[in-house]
Amino acid sequence: MRMPGLLLVPLAMVAFASAGQARPSAPSTAADDVRELGKSIEHIHPDPFRSVSRQRFESEVSALARQAPALSQDELLVGVMRIVALLGPRNGHTGLFPGDPSHTRELHLYPLRLYAFTDGVYVVDATDATLVRSRLVAIEGMPIETVLTRVEPLVPRDNPSNLRGLAPHFLLSAEVLDGLGIADDTGPAVFTLERPDRQRVDVPLTALPASRYIASFPDPLYGHYPSILPRASRPLYLTGSARPMWARTLSGGRAVYVGYNAVQAPTPAFLRKLTRLVHGAKVRRVVVDVRLNGGGDNTTYGPLTSLFASPAANKRGRLYLLTGRATFSAAANFAAEIDRDTRAIVVGEPTGGGVETYGDTFPLTLPTLGWTVHIAARYHERKKNRSDHRLAVEPDVPVDLASSQYFAGRDPVLERVLRGL
C-alpha cells in the first residue's frame with residue numbers, strides 16, 4: 001500500500017486495478033451516479049459502516065440523489081466527496097482525488113503548494129516564486145481557518161495527522177471552493193497572503209487544469225517540496241527524498257541515519273552496508289526516518305525490522321524512529337512494528353497512516369459526472385498487530401515544525417535526536 005500522491009490517487013490498487021474499472025450499469029443522470037456510488041461502496045468496501053451508521057450513510061446518498069437535478073456540477077462534486085469521507089478514519093485510500101488523471105471531467109487547482117506549520121498555512125512553492133514564504137490568511141475574504149473547517153469533511157483520511165497533511169491541498173481545488181460557496185465558479189479567486197515583512201496582499205489567482213498543475217509541481221511529498229530551498233540549506237531528510245532508502249553516518253560516526261522513503265525490498269548490498277554501519281564501534285544512535293515514506297509493499301521490510309530489533313540497535317536511547325503526517329500505509333505498518341517490537345523512541349508527528357487500514361482500491365467510474373472514486377476493497381491488518389487498533393503511531397517525543405525553521409533549512413526533529421552527541 002502506498003499513500004495518495006500529491007492530490008492524485010492511492011497507488012495501492014494491487015489486487016483490483018487489473019480487473020478494470022467498475023462501471024455502473026448504463027446510468028443516464030447524475031442521480032444515477034450518486035445511487036450507484038452508494039451501492040458500490042456497500043458492495044466493495046470490507047466494512048463501510050465501521051465509523052458511520054448504515055442509516056446515516058444511505059440517508060445521505062438518497063438526499064444527494066434526490067437533490068442532484070437542482071445542484072450545480074461543483075455542488076455535486078462536494079456532495080460526492082462528503083459521502084465518501086463519511087467512511088471516516090482508516091480510509092485514507094478511499095476517495096475522490098482532485099488531481100486524478102482518470103477523471104474524464106478534469107478538475108482545476110490554484111497554482112500554489114501549501115503546508116500547515118505550527119504557525120499557519122504557508123506557501124512552500126508557487127508558479128509565481130514571489131509568493132513563496134507567504135502565510136495564507138484568507139480566500140475570497142473568508143479566513144483560512146473557516147475555509148479549512150468547511151473543506152475537512154470532504155477529505156479522505158486515516159487519522160487527524162493524515163487530514164492535517166491533505167486538507168490544505170484539497171482547498172486548492174477551484175471546483176471544491178465553488179461547490180462550498182467560497183469562490184464564484186472556477187474563475188480567478190483572491191488569495192490574501194501575508195508576506196514575510198508582514199504586509200498583506202490580495203493576489204488573484206487563476207486555477208490550472210489538474211494535468212498542468214501536476215506538471216508544474218511534480219513533487220509527490222505533500223508539500224515537503226525541497227526545490228524551493230537553496231541546495232546548501234536543505235535539511236538532510238529532503239536531500240535524499242528521491243531515493244527509496246539510503247544511509248550515512250552523522251556526528252563524526254556516532255550516529256547512523258537511515259532515510260527510508262519507500263517500502264520496498266532492500267537490496268543485499270544496501271542491507272550489508274546498513275548492517276556494517278549499525279555495528280560500528282563508535283555508533284551511539286541509530287536513526288530511522290520514515291517521515292517521507294508513503295508506503296509500498298508491507299511484505300518487504302522484514303530484513304530491516306530484524307536488523308533494528310537486533311542487539312546492535314535495539315537499546316533504549318540508541319534506536320530512534322522519526323515519523324510524520326506523510327508516513328502512510330505500509331510505512332505506518334512498519335512504524336507500528338518498530339514501535340511494538342523494539343525499544344525505539346518515536347520522535348516527530350503522529351503517523352499519517354493507521355496501524356490497520358483499508359486499501360487495495362477499486363476505481364469506480366461515474367460516467368455522467370465524469371469522476372473516478374477509489375474504493376478500498378481490502379482490510380489490511382498485520383498478523384502481529386491484530387490487537388493494535390490505534391489510528392496512528394504517536395510520538396514519544398512530539399516535535400512539530402514552524403515555518404521559520406523550514407524556510408531556514410532546519411530540521412528540529414533530527415536536531416532533537418542528535419542533541420548531546
Side-chain angles (χ1 to χ4, degrees), residues 3-13 16-17 21-24 27 30-45 48 51-52 57 60-61 63-65 67-68 71-109 150-158 162-163 165-180 186 207 209-211 213-214 222 328 358-377:
M3 68 193 266
L6 171 63
L7 297 175
L8 291 175
V9 296
L11 302 180
M13 301 177 187
F16 292 89
Q21 292 190 335
R23 294 184 177 273
D32 292 328
D33 276 5
V34 172
R35 284 188 284 265
E36 186 61 35
L37 171 65
K39 292 176 184 176
S40 296
I41 288 174
E42 292 194 36
H43 175 69
I44 296 170
H45 195 285
S51 298
V52 63
F57 181 82
E60 295 282 351
V61 171
L64 184 61
Q67 297 162 6
L71 297 178
S72 71
Q73 192 79 17
D74 294 342
E75 289 170 330
L76 281 165
L77 173 72
V78 166
V80 168
M81 286 180 162
R82 194 184 308 276
I83 283 173
V84 179
L86 283 174
L87 295 176
R90 303 181 179 88
N91 280 286
H93 294 81
T94 297
L96 192 165
F97 299 92
D100 188 347
S102 69
H103 295 323
T104 57
R105 188 186 298 271
E106 190 173 29
L107 301 184
H108 297 75
L109 299 157
R150 295 194 181 187
V151 168
E152 285 173 353
L154 315 181
V155 181
R157 83 292 302 269
D158 266 16
N162 188 206
L163 176 62
L166 280 177
H169 303 300
F170 270 68
L171 67 78
L172 291 172
S173 166
E175 287 82 1
V176 166
L177 295 181
D178 178 49
L180 289 170
T186 56
S211 55
Y213 178 93
I214 292 165
Y222 277 100
F328 189 74
Y358 299 97
D360 290 2
T361 63
F362 197 113
L364 174 76
T365 299
L366 303 177
T368 301
L369 293 173
W371 306 312
T372 300
V373 176
H374 297 271
I375 303 171

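Heavy atoms only: backbone and side chains are in, while hydrogens, waters and symmetry mates are out.
For the atom pair CZ of R90 and CG of D158, the computed distance is 8.5 Å after rounding to the nearest 0.5 Å. Rounding to the nearest 0.5 angstrom, the gap separating the CG atom in L364 from the CD atom in E36 is 6.5 Å. Here the CG-CD1 distance, from L109 to I214, works out to 7.0 Å after rounding to the nearest 0.5 Å.
If you look at Y213 and H108, their ring centroids are not closer than 6.0 Å.
Taking the six-membered ring where tryptophan is involved, the planes of F97 and H374 are tilted, since the angle between them lies from 30° to 60°.
In this structure, the side chain of E152 does not engage the main chain of L163 through any donor-acceptor pair within 3.5 Å. Judged purely by atom type and a 3.5 angstrom limit, T186 has no side-chain atom pairing as donor or acceptor with the backbone of E175. The backbone N or O of L369 sits less than 3.5 Å from a side-chain atom of R105, completing a donor-acceptor pair.
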Practice problem: Go through the steps to decide whether F328 and H93 satisfy the test side chain to side chain contact (heavy atoms under 4.5 Å, CB included), and finish with yes or no. | Solution: CA-CA 10 Å; F328 189 74; H93 294 81; 3.4 Å; yes
Quiz item: Does the pair L107 and W371 meet the rule for a side chain to side chain contact (heavy atoms under 4.5 Å, CB included), with working shown?
Solution: CA-CA 9 Å; L107 301 184; W371 306 312; 3.7 Å; yes
Quiz prompt | Verdict with reasoning, Y358 to L87, per side chain to side chain contact (heavy atoms under 4.5 Å, CB included) | solution = CA-CA 10 Å; Y358 299 97; L87 295 176; over 6 Å; no
Practice problem: Go through H45 and N91 one step at a time and tell me if the side chain to side chain contact (heavy atoms under 4.5 Å, CB included) criterion holds. | Solution: CA-CA 10 Å; H45 195 285; N91 280 286; 2.6 Å; yes
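Annotation for G95 and V84: closest pair CA-CG1, 3.6 Å, computed over non-hydrogen atoms. P156 and N162 get closest at one heavy-atom pair: O-OD1, 4.2 Å. Here the closest non-hydrogen pair linking S102 and T372 is OG-OG1, 3.0 Å. The shortest heavy-atom contact between S51 and G88 is CB-CA, 4.3 Å. Taking all atoms of both residues into account, the shortest heavy-atom contact from F362 to I44 is CB-CG2, 4.0 Å. The nearest pair of heavy atoms linking A167 to V151 is O-CG1, 4.0 Å.
The closest side-chain heavy-atom distance from L37 to D33 is not below 4.5 Å. In this structure, V61 and V34 have side chains that are in contact, with non-hydrogen atoms separated by less than 4.5 Å. Contact of the T368 side chain with the D32 side chain is not registered, since no non-hydrogen atoms from C-beta on lie closer than 4.5 Å. Residues L71 and V78 are not in side-chain contact: their nearest non-hydrogen atoms beyond the backbone lie 4.5 Å or more apart. The shortest side-chain heavy-atom distance between Q67 and L76 does not fall under the 4.5 Å cut-off. Side-chain contact between H103 and L96: present, with at least one pair of heavy atoms (C-beta onward) separated by less than 4.5 Å. At least one side-chain heavy atom of P98 sits under 4.5 Å from a side-chain heavy atom of M81.
Judged as a salt bridge (Lys or Arg N to Asp or Glu O under 4.0 Å), and not counting sequence neighbours, R157 has no contacts.
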